[in-house]
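Since the structure comes first, as structure tokens, the remarks are kept for the end.
Residue numbers run from 1 in the order of the sequence given.
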Amino acid sequence: MNEEIEKAVFRRAVGYDIQEITEEYSGDNELVKRKVSSKHYPPDMTAVKTMLELGTDVDELKKMSDSQLKELKKRLLCQLEDITKGEIDEDNNSDKQD
């Protein structure tokens with residue numbers, strides 16, 4: 001797999017934070033307002049699955065500290081729990097409609 005694609009899939013798999021900058025200008029092209037906000041993208045289970053299916057090299061995981069690995073594990077387990085709850089809710093709702 002292309003190295004850039006691997007990095008992008010890995011980033012999606014472990015989650016990441018970005019800063020978004022929004023700027024407003026007047027009619028004279030003068031900066032009137034600038035807003036900087038942080039946005040968190042949680043780990044994406046599809047990206048994790050893709051990494052596993054494609055046999056992505058786990059060098060990035062090897063470079064992570066124990067605390068980073070524990071945090072990654074915690075986030076992935078929480079996301080998996082949320083997904084599982086969603087499936088259970090969907091099953092319950094379909095039972096009620098029958």
- Query: If only atom types and distance count, is the side chain of Q19 paired as donor or acceptor with the main-chain N or O of S37 below 3.5 Å?
  - Reply: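 Checked: no pair found.
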- Message: When you group the ILVMFWY residues by side-chain heavy-atom contacts below 4.5 Å and let the links chain together, are I5 and V14 in the same group?
- Response: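 In one cluster with V14: I5, yes.
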Which pair of non-hydrogen atoms, one from [X] and one from [Y], has the smallest distance, and what is that distance?
X: R11; Y: I18; result: NH2-CG2, 3.6 Å
X: A47; Y: A13; result: CB-N, 3.7 Å
X: E23; Y: L31; result: CB-CD1, 3.7 Å

- Testing K33, R34, K35 for side-chain contact (heavy atoms from CB on, under 4.5 Å) with E24, which one passes?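 Running side-chain contact (heavy atoms from CB on, under 4.5 Å) over K33, R34, K35 with E24 returns exactly one hit, K33.
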- Distance in Å, T50 OG1 paired with F10 CZ, rounded so as to fall on 0.5 Å steps: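 T50 OG1 to F10 CZ: 14.0 Å, rounded to 0.5 Å.
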- Walk me through it: do Y25 and V32 pass the test side-chain contact (heavy atoms from CB on, under 4.5 Å)? CA-CA 5 Å; Y25 292 89; V32 177; 5.6 Å; no
- Task: Indicate yes or no: at least one non-hydrogen side-chain atom of P42 is less than 4.5 angstrom from one of H40.
- Result: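 A side-chain contact under 4.5 Å exists here.
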- Query: Taking the hydrophobic residues Ile, Leu, Val, Met, Phe, Trp and Tyr, and joining any pair whose side-chain heavy atoms are under 4.5 Å apart, which ones share a cluster with V36?
  - Reply: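 Same cluster as V36: I21.
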